[in-house]
Amino acid sequence: MKQQVVTIGLGYIGLPTSALIANNSINVYGVDINENVVNRINEGKIHIVEPSLEGAVSKAVSTGFLKAGLTPIEADVFLIVVPTPFKDKNEPDISYVESATKAVIPFLKKGDLFIIESTSPIGTTEKMASLIFNSRPDLKNSIFIAYCPERVLPGNVMHELVNNDRVIGGLNHESSLKAASFYRQFVLADLHVTNSRTAEMCKLVENSSRDVQIAFANELSIICEKANINVWELISLANKHPRVNILQPGCGVGGHCIAVDPYFIVADYPMESKLIGTAREVNNYKSFWCSEQVKKSIIKFHLEFNRKPIIAIMGLAFKPDIDDLRESPAKYIAQRVMQDSQDEYFYIVEPNIDNHPVYKLTNYNDAIDKADILVFLVAHKEFKNLSISSNKIVLDFCGVVSRN
Ligand SMILES: NC(=O)c1ccc[n+]([C@@H]2O[C@H](COP(=O)([O-])OP(=O)(O)OC[C@H]3O[C@@H](n4cnc5c(N)ncnc54)[C@H](O)[C@@H]3O)[C@@H](O)[C@H]2O)c1
C-alpha cells in the first residue's frame with residue numbers, strides 16, 4: 001500500500017517539507033487552520049516568499065501527490081510543524097503543538113509514525129506521547145514517536161531540506177530508526193540518531209551557541225567604544241590567532257530563532273543557564289545601548305551647531321539583505337530613538353522593502369545626501385562602498401562603513 005503522510009502546519013517549514021516529500025512520489029496531505037492557505041496551496045500557489053517553493057508546490061499539486069485541507073486524515077506518518085512562539089516572561093508556548101497533536105490523535109493507528117519538527121522545549125516529545133497515550137492507551141508500544149528539528153536557512157530552504165544533516169531523536173530506539181528510514185527517502189545528508197530530549201536540546205543549543213558568541217562580540221564593541229579602540233580592527237587582529245574566531249558585533253540579535261530559542265532553555269533551567277541567559281541580556285542591552293548612542297549624538301549635534309540634526313536610520317531588517325523585521329533590533333532602535341525625539345527629522349531606509357505600513361521609507365542615496373547623522377544598523381549590500389561626505393556624523397553599529 002502507498003505511504004500517506006500528513007503534515008500539520010503549512011508555513012515556512014511545513015509547506016516546503018510537504019512539497020519536497022510529495023515530489024518524491026509520496027502522498028502528502030497538508031493541514032492548516034488557515035483556510036486561505038489551504039485554498040491557495042490546492043491551486044498550486046504559495047502564501048510565503050521562498051525561492052523555488054512555488055515551482056515545487058505547483059508540481060506537487062499538479063501531479064496529485066500534494067493536497068491540503070483543514071482537518072487531518074488517516075496516514076502512516078504525521079509531521080507536526082506548527083509555531084512555537086513565546087508567551088509573557090519569555091516562556092515557550094507549546095499550545096500549538098498540543099492542539100496539533102490532539103487533532104491527529106483520533107487518526108492514529110498501530111504502526112504509525114508521529115514526528116514533531118517544531119522547535120520545542122526539552123521534554124515536549126515525552127509530553128505529547130503522554131497526551132496521546134492518555135486518550136489512546138491502545139496505542140502504547142504500538143506507534144513510533146520522534147522529534148526531528150529543522151535547521152534550514154530561510155531563502156535557501158529547498159536546498160537545505162535535502163542537504164542538511166538531521167538529528168533524529170526517538171522516544172525509543174525503534175522510533176528513531178523508523179523516523180530515520182522515513183527521512184532517508186528524501187534527505188541526502190547524514191541522519192544522526194539520538195533520543196528525543198537530546199534532539200530537542202540540540203536545536204536549542206545550536207541557536208544559543210550563536211547567541212553567546214555574538215554576545216561576546218557585542219560586549220567587546222561596548223568596551224571598545226569606552227576604551228577608544230576600533231572594535232573591527234581589534235577583532236580582525238585577534239582572529240589572526242590560529243585558534244580564535246570572534247564573530248562580528250551588530251546592533252543586537254533578532255529574528256525568530258537566535259533571539260527566541262535560548263529562552264526555551266532559560267525558562268526551564270534558569271539557575272543552570274547563567275551564560276545563555278546573560279548572552280540574551282547582553283544582546284538585548286546592545287540594542288538599548290545603540291539607541292542611547294544615537295540620542296547622545298543628536299544632543300551633541302544640537303549643542304554644537306545650534307540646530308536640530310536630520311537623522312538617517314540605515315536598515316530595519318534583523319540581518320543583512322533580507323526584508324524580515326521579526327524581532328529586529330534595528331526596528332527597536334529606530335522606534336526608541338524616534339519616540340524620544342524632540343521633532344528631529346528622520347529618514348528611514350530599508351532597501352529590501354518597497355512600502356511599509358508604519359514607516360515612510362526613503363531611498364538610501366537621498367537619505368545619505370540629506371541627513372546630518374547617519375546611523376548604520378544593518379550591513380545591507382547597498383550600504384557597502386558608499387561615498388560619504390566628511391561632514392556627516394557616522395554611527396556605524398554593524399561595521400558596514402568602518403570595516404572597509
Ligand atoms: N522558519 C524558519 O526558518 C524555522 C527554522 C527552523 C525551525 N523553525 C520552527 O519550525 C516551526 C514552524 O515554523 P514556521 O516558520 O513554519 O511557522 P509559520 O508560522 O510560518 O507556519 C505555521 C503554520 O501552522 C499553522 N497552524 C498553527 N496551528 C495549527 C494547528 N493547530 N493545526 C494546523 N495548522 C496550524 C499556521 O496557520 C501556519 O500556517 C516553529 O517551531 C519554528 O520555530 C522555523
Side-chain angles (χ1 to χ4, degrees), residues 5-20 28-42 45-51 53 57 67-73 75 78-87 90 92-107 114-122 124-125 128 131 147-161 164-167 199-208 210-211 254-265 317-319 322-327:
V5 174
V6 159
T7 42
I8 311 283
L10 295 171
Y12 281 95
I13 301 297
L15 182 56
T17 305
S18 302
L20 171 67
V28 179
Y29 192 78
V31 177
D32 204 288
I33 46 173
N34 185 330
E35 201 172 344
N36 293 332
V37 168
V38 167
N39 292 341
R40 244 186 121 65
I41 292 166
N42 282 329
K45 296 184 182 145
I46 60 174
H47 61 291
I48 48 179
V49 178
E50 178 60 40
L53 180 61
V57 169
K67 293 187 176 72
L70 290 165
T71 48
I73 59 168
F78 293 86
L79 284 183
I80 307 294
V81 206
V82 292
T84 39
F86 54 38
K87 306 182 273 199
N90 299 328
D93 177 3
I94 61 162
S95 61
Y96 294 85
V97 176
E98 270 167 1
S99 46
T101 303
K102 282 181 189 158
V104 305
I105 287 177
F107 299 91
F114 172 90
I115 301 173
I116 301 172
E117 285 203 0
S118 301
T119 303
S120 299
I122 300 156
T124 303
T125 311
M128 293 311 114
L131 199 66
Y147 179 75
C148 181
E150 190 44 72
R151 34 160 73 142
V152 291
L153 183 71
N156 196 27
V157 172
M158 294 316 288
H159 173 81
E160 295 203 0
L161 275 177
N164 283 358
D165 281 17
R166 295 200 75 134
V167 174
E200 287 159 348
M201 176 89 170
C202 189
K203 169 70 190 172
L204 305 179
V205 161
E206 287 160 15
N207 285 332
S208 301
R210 300 279 298 163
D211 200 44
H256 52 288
C257 286
I258 301 181
V260 174
D261 296 355
Y263 287 124
F264 284 30
I265 299 177
F318 83 79
K319 65 175 182 178
I322 58 162
D323 63 355
D324 194 338
L325 307 189
R326 283 182 289 178
E327 313 289 327

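None of these values were measured; they are calculated from a predicted model. In listed order, ligands and their atoms are each counted from 1.
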>> If you count every heavy atom of other residues, nucleotides or ligands that lies below 6.0 Å from Met158 atom CE, does the total exceed 12?
In response: yes
> Among all residues two or more places apart in sequence or in another chain, which pass the ring pair (Phe, Tyr, Trp, His ring centres under 6.0 Å) test with Phe86?
Replying inline: Tyr263
>> Run the side-chain hydrogen bond (donor to acceptor under 3.5 Å, both in side chains) test against Glu206 and tell me which residues pass, sequence neighbours left out.
In response: Arg151
Taking distance alone, no hydrogens or angles, what donor-acceptor pairs closer than 3.5 Å link side-chain atoms of residues 12-20 to residues at least two apart or in another chain?
unit_1	atom_1	unit_2	atom_2	d
Thr17	OG1	Ile13	O	2.7
Ser18	OG	Thr7	OG1	2.8
Ser18	OG	Gly14	O	2.6

> Looking at side-chain heavy atoms only, is the closest gap between Thr71 and Val31 below 4.5 Å?
Replying inline: no
>> Quick check: closest heavy atoms across His47 and Leu10, and the distance to 0.1 Å?
In response: CE1-O, 2.9 Å
So what's ligand 1 close to, N/O to N/O, under 3.5 Å?
unit_1	atom_1	unit_2	atom_2	d
ligand 1	1 (N)	His256	NE2	3.4
ligand 1	3 (O)	His256	NE2	3.3
ligand 1	16 (O)	Tyr12	N	3.1
ligand 1	16 (O)	Ile13	N	2.9
ligand 1	20 (O)	Tyr12	N	3.0
ligand 1	34 (N)	Ile33	N	3.4
ligand 1	37 (O)	Asp32	OD1	2.6
ligand 1	39 (O)	Asp32	OD1	3.4
ligand 1	39 (O)	Asp32	OD2	2.7
ligand 1	41 (O)	Val82	O	3.4
ligand 1	41 (O)	Thr84	OG1	2.7
ligand 1	41 (O)	Thr119	N	3.0
ligand 1	43 (O)	Thr119	OG1	3.2

